[in-house]
Amino acid sequence: MSTVLTGWYVGYVVAAVVIVVVVGLVGWLLALARRIGVQAAAIVDALADIRGTTAPIPLVGKLNQKLLHVVQQATTARVALLGEEQP
């Protein structure tokens, strides 16, 4: 009778070890997923800040065009007032 029960005891111990390992791995994966979620939220916040600070960059081209137009108009006014073009 002792020999028959020994197989059951070994089976229970192996099953318990497998369950403990699986629970440990699932806990580790959940902790890793939580950490990734926190880091992803931080990245999204950083990207929102970057988007806010870089939104005016496309306007630099328009600003340059407007400034060039102002310089051209000032040159035209100088020529009209002085009668000569100066560098």
Side-chain angles (χ1 to χ4, degrees):
M1 183 83 166
S2 174
T3 311
V4 173
L5 292 179
T6 303
W8 281 98
Y9 293 141
V10 169
Y12 284 142
V13 169
V14 168
V17 168
V18 168
I19 289 172
V20 167
V21 168
V22 168
V23 168
L25 287 175
V26 169
W28 175 71
L29 286 174
L30 289 174
L32 187 61
R34 184 178 307 117
R35 183 174 161 199
I36 290 170
V38 168
Q39 289 177 349
I43 290 170
V44 168
D45 291 342
L47 287 176
D49 290 342
I50 291 170
R51 187 181 308 116
T53 57
T54 58
I57 288 178
L59 299 176
V60 170
K62 289 181 182 180
L63 177 65
N64 286 340
Q65 290 173 354
K66 296 296 181 181
L67 289 174
L68 182 60
H69 182 69
V70 167
V71 169
Q72 290 171 347
Q73 293 297 322
T75 303
T76 303
R78 184 181 319 148
V79 169
L81 290 173
L82 300 177
E84 59 186 50
E85 188 172 339
Q86 297 180 5

Tabulate below the donor-acceptor pairs under 3.5 Å that side-chain atoms of residues 13-40 make, not counting sequence neighbours, or state none.
none

> Under the side chain to side chain contact (heavy atoms under 4.5 Å, CB included) test, which residues partner Q73, sequence neighbours left out?
Replying inline: H69
>> Connecting only ILVMFWY residues whose side-chain heavy atoms lie within less than 4.5 Å of each other, what is the rest of V44's hydrophobic cluster?
In response: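 When side chains under 4.5 Å apart are linked, V44 ends up in no cluster with other residues.
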> Other hydrophobic cluster members with L67, side-chain heavy atoms of Ile/Leu/Val/Met/Phe/Trp/Tyr under 4.5 Å, chained?
Replying inline: L63
Show the atom names and distances, to 0.1 Å, of all donor-acceptor pairs under 3.5 Å that link a side chain in residues 53-60 to residues at least two apart or in another chain.
residue : atom : partner : partner atom : Å
T53     : OG1  : D49     : O            : 3.2
T53     : OG1  : I50     : O            : 3.1
T54     : OG1  : I50     : O            : 2.7

